[in-house]
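Below is one structure; the comments refer to it alone.
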Amino acid sequence: MERSDPQQVTNRQVAGVLTFMGQLLEISGDDPFKIRPYYRAAQEVERQSEPVAGRGEEELVALRGIGRQIARKIGEIEETGTFRELDELRAEIPDSLIELLALDSVGPKTINLLWKKLGILSVGDLDKAARNHRIRAVKGFGAKKEENILRAIDRFQQKNGRMTRAEADAIVNAATGVLLPGTFTVAGSYRRGLSTVGDIDIVTLEERDAVRPRLTAVADEVIDDGSRKTSLRIGGRRVDIRYATPEIYGAMLMYLTGSKAFNIRIRAVANSGGYTLNEYGLEERSSGRLQTFADEEGLFRELKMDYVPPELREDRGEVELALAGALPSLVDLPDVRGDLHSHTRWSDGRQTLEEIAVRGDELGYEYILITDHSSSLGVARGLDTDALQRQQSEIEHTNRRHTCTLLSGVEVDIKSDGALGLPGKMLADLDLVIASVHSGFQQEEDQITRRILSAVENEHVDIVGHPTGRLLGRRPPYAVDLARVIERAAEVGTALEINASPHRLDLDDIYIRQAKEKGVKLTIGTDSHRTSEFSNMRYGITLARRGWCTAPDILNTSTLAGLLEW
DNA sequence: GCCGTTTTCGGCCCGACTGTTTTCAGTCG
């Protein structure tokens, strides 16, 4: 690992090193209770808004899940990029073994054994060994295991990453299309509203024997098939079905919704109350009596805590607040009074102003902000001052015929030197201005951060659009230092956008929460280019909820008058 | 390795399924 300047160690890097340690410990076969704290500490570091680098040991120990040992190691990471125990472990265990952890049906024990018995160091080695039938020669392994490994390698090489919400919806529709309406819930990370989804988890009330033939008919492959659960591959994605009865539906749903960290935490809460919690209900330790729950609400009540919305179930402090009865009341779709990001045929959109106004009326919106691109963005056929003025007058005409008010705005380009793509005089004339980066994604952190900061500080800019520029599964965020952007936005009162496009979902939840806590206002914009995309608002709302937002945190829950006053 | 309204020591979430086994380890969620 490279030696790094103390100022430059990011939380993500610290978390990465701690995770790396956890993975090596797993392969080494160490005590699982010694391994988990590394992952837990990594999670805690990653959700901090301020860098952990530079904090003293006392301050680190005050964080949940970080004790003396790991605090000291974080100190070492700041200095050297690594720590002594990690280096010692790396001397024993080859780094390359870690990639094998990504294979289905291959875990740390298997990796350790194959490494020691067959000298397997990489996925390539494993592939060769399996093809030459050297796996089945190892005691404890057989032909089935060998076949499973080859299939896992095949999938690994296809590199099917996580799905966008839109892709997940397609898989969900394929799977639930064969289930009786009203008899199932999609759980897992899909229900928690993550920006990307790994696999699909479904709880159903239908009986296993009744539903299984319908499910296998739409599946590529049956992965697991027991009496209580069936695992399939549909559209190349894993879909897990759990069978429940009405009495246990609440406990089953909570279990399958997760997250894993939340389940661990909530089960510890149950333990301290003298219960054991599993997917069937609460078992009283003393009597062994099982208490069942038809819904999650009853289960939370019995644990003497607030109902925790699925979007918060990450063990990021929500359990403590729920026990204290102090969870925030999260923003929800009906709170939304308008959309603050849309494009028309005037630039790269496929919809007219009239079509947008009709859609706004249908949605019961009070307003929709029209934000076509500025002319500096050549690829999107951007608008110059003249075109914008003509658009403004067409907006005025359109507004006479509709309840939903179209607001005139622009998505002005933040050029590579931080200047804006339109003159300030023009921007001052508009209702609201979004400023976004659309080029120069490769700039160094300091450069691109200062570039965005100059937009944040510009008197005409109201909102910074898609602040990290990521395209899920296709383009990583640019190197912007969001902590600095959030801090400055709070100072000058510029809002940050939660872009609701399922391809962006930008800002992500951790930064939304940091912005909210600093008092930064947020907007949710669908970035619609066609009328069907206004319904993507639901993705933005889900993301805002994951960022702990209440209605007052989100500008487009304001009335039109309230919005314009802001 | 972390943690404490049972505890500063002794716990740590809990169960389903597969594969290779004569009773269970490993993986997964």
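A quick note: this is a predicted structure, and the numbers were derived from the prediction, not measured. In the text below, chain A, chain B and the rest are named by the order of the sequence lines, each starting its count at 1.
Y280(A) comes within 4.0 angstrom of sugar-phosphate atoms only, judged by non-hydrogen atoms across all strands, and of no base. Across all strands, I70(A) comes closer than 4.0 Å only to sugar-phosphate atoms, never to a base (heavy-atom distances). Heavy atoms of K139(A) sit nowhere under 4.0 angstrom from any nucleic acid atom. In this structure, I66(A) reaches the sugar-phosphate backbone alone: every heavy-atom distance under 4.0 Å involves primed, P, OP1 or OP2 atoms, never a base. Among the atoms of the strands shown, none is found under 4.0 Å from any heavy atom of A71(A). Residue-level contact check: R72(A) touches neither bases nor backbone, having no heavy atom under 4.0 Å from any strand.
Using a 4.0 Å cut-off between a side-chain N of Lys or Arg and a carboxylate O of Asp or Glu, R546(A) and E314(A) qualify as a salt bridge. One finds a salt bridge joining R538(A) and D169(A) here, because a Lys/Arg side-chain nitrogen approaches an Asp/Glu carboxylate oxygen to under 4.0 Å.
Both distances falling under 3.5 Å, in either a Watson-Crick or a G-U wobble arrangement, place dC2(B) opposite dG11(B).
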Show the atom names and distances, to 0.1 Å, of all donor-acceptor pairs under 3.5 Å that link a side chain in residues 91-104 of chain A to residues at least two apart or in another chain.
from, atom 1, to, atom 2, distance (Å)
D95(A), OD1, R90(A), NE, 3.2
D95(A), OD2, R90(A), NE, 3.3
D95(A), OD2, R90(A), NH2, 2.6
S96(A), OG, L121(A), O, 2.7
E99(A), OE2, V123(A), N, 2.9
D104(A), OD2, R155(A), NE, 3.3
D104(A), OD2, R155(A), NH2, 3.0

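Residues satisfying the side-chain contact (heavy atoms from CB on, under 4.5 Å) test with E206(A), not counting sequence neighbours, are L179(A), L180(A), T183(A), T204(A), V211(A), R214(A).
Reading DNA chain B from its 5' end, the first and the last nucleotide to sit under 4.0 Å from a heavy atom of chain A are dG1(B) to dG29(B).
Contact between I202(A) and A175(A) at its shortest, heavy atoms only, is CD1-CB, 4.0 Å.
When atom types are taken as modelled, the side chain of R242(A) and the backbone of L253(A) share no donor-acceptor pair closer than 3.5 angstrom.
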